[in-house]
Amino acid sequence: MKHLHSGKVRDLYELPGGELLMVARDTISAYDFVLDTPIPDKGRILTQLSLWWFERLTGLLPNHILSTDLPPGAPAEWAGRAVVARRLDMVPVECVARGYLTGSGLADYAKTGSVCGVPLPDGLVDGSRLPEPIFTPTTKAPVGEHDEPMTFADVQSKVGPELAARLRDLTVAVYGRGAELARERGIIVADTKIELGRAPDGELILADEVLTPDSSRFWPADAWETGHAQPSFDKQFVRDWLTSPESGWDRASGEAPPPLPDEIVERTRAKYVEAYERITGRTFT
Ligand SMILES: Nc1ncnc(-c2cnn(Cc3cccc(F)c3)c2)c1Cl
């Protein structure tokens with residue numbers, strides 16, 4: 001099959017029939033580096049979590065999944081972490097929704113009192129829950145560059161007012177469903193990025209991955225405390241070890257981080273299993 005694109009933790013191929021094959025790797029990224037040490041089963045766990053969400057969201061909108069069977073010619077080691085998807089005309093906007101304020105959204109708010117042009121109440125701090133989830137789109141920056149925030153007017157100029165409204169409504173709706181269900185299971189989904197594509201008849205289709213810890217910020221609900229950065233549900237052990245004296249790594253150096261110790265790998269794997277099992281109610285095997 002033809003290799004089309006490699007992301008930080010995923011690869012995209014084209015099958016002979018023109019369909020796409022999305023393959024999730026076991027790699028994890030932290031501090032904008034893809035770490036050398038894989039997290040065993042991460043690719044499979046997040047692929048299965050995403051598939052579970054796709055099934056639950058079909059009432060909202062269709063998705064791009066054609067098959068979860070490994071196509072002929074694909075390596076056996078890809079089983080469970082490869083998805084055959086229909087090729088869509090992807091919308092040229094990163095569709096992000098936020099229910100909580102942090103990261104680039106918090107920086108935008110600190111400067112302007114709004115996020116992507118959406119005015120917010122005064123007095124919000126890192127980790128504050130927003131009065132309601134908001135659409136905070138960004139550009140699809142070329143590899144290596146950073147996505148730029150877009151106002152709703154920017155989106156309207158780019159894709160037209162009617163499609164812009166549908167992108168906003170669908171992104172906020174997908175986020176709302178995901179955040180509500182996850183919160184009942186002890187996980188805060190602070191924000192999420194979805195990819196929407198158009199079928200030849202113009203229908204909007206949910207593509208890529210959905211509501212995973214790679215496409216969203218997952219926080220443990222029982223540790224939520226506004227006023228500082230929240231611990232990441234899945235990446236905190238990695239972040240803490242890398243910034244501890246034990247790792248011998250100096251983040252300011254710009255050098256790549258060292259390999260992770262087995263114990264950090266195992267504890268991180270366990271967090272992915274925990275997120276999957278809590279959200280889906282299934283046992284990961
Ligand atoms: N159904 C679709 N139709 C057209 N394009 C895409 C598409 C293109 N890029 N991406 C992001 C990505 C997904 C996985 C691995 C990567 F390296 C990159 C998704 C999809 Cl999912």
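Both counts, for ligands and for their atoms, begin at 1 and track the order of listing. Every value quoted in this text rests on a predicted model; they were computed, and no experiment measured them.
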*Are the aromatic ring centres of Tyr13 and His5 under 6.0 angstrom apart?*
no
*Are Leu60 and Ile65 connected, step by step, through hydrophobic side chains (Ile, Leu, Val, Met, Phe, Trp, Tyr) whose heavy atoms are closer than 4.5 Å?*
yes
_Side-chain ion pair, Asp32 and Lys8, N-O less than 4.0 Å_ = yes
*Is it true that the NZ or CZ of Arg267 lies under 6.0 Å from the centre of Phe237's six-membered ring and within 45 degrees of the ring axis?*
yes
*From Leu170 CG over to Cys95 SG, what is the distance, rounded to the nearest 0.5 angstrom?*
8.5 Å
*Does the separation of the ring centres of Trp52 and Tyr276 fall below 6.0 angstrom?*
no
_Given a heavy-atom cut-off of 4.0 Å, could you list the residues near ligand 1 in chain and number order?_
His5, Ser6, Gly7, Arg10, Asp11, Leu12, Leu20, Met22, His64, Arg86, Arg87, Leu88, Met90, Asp208
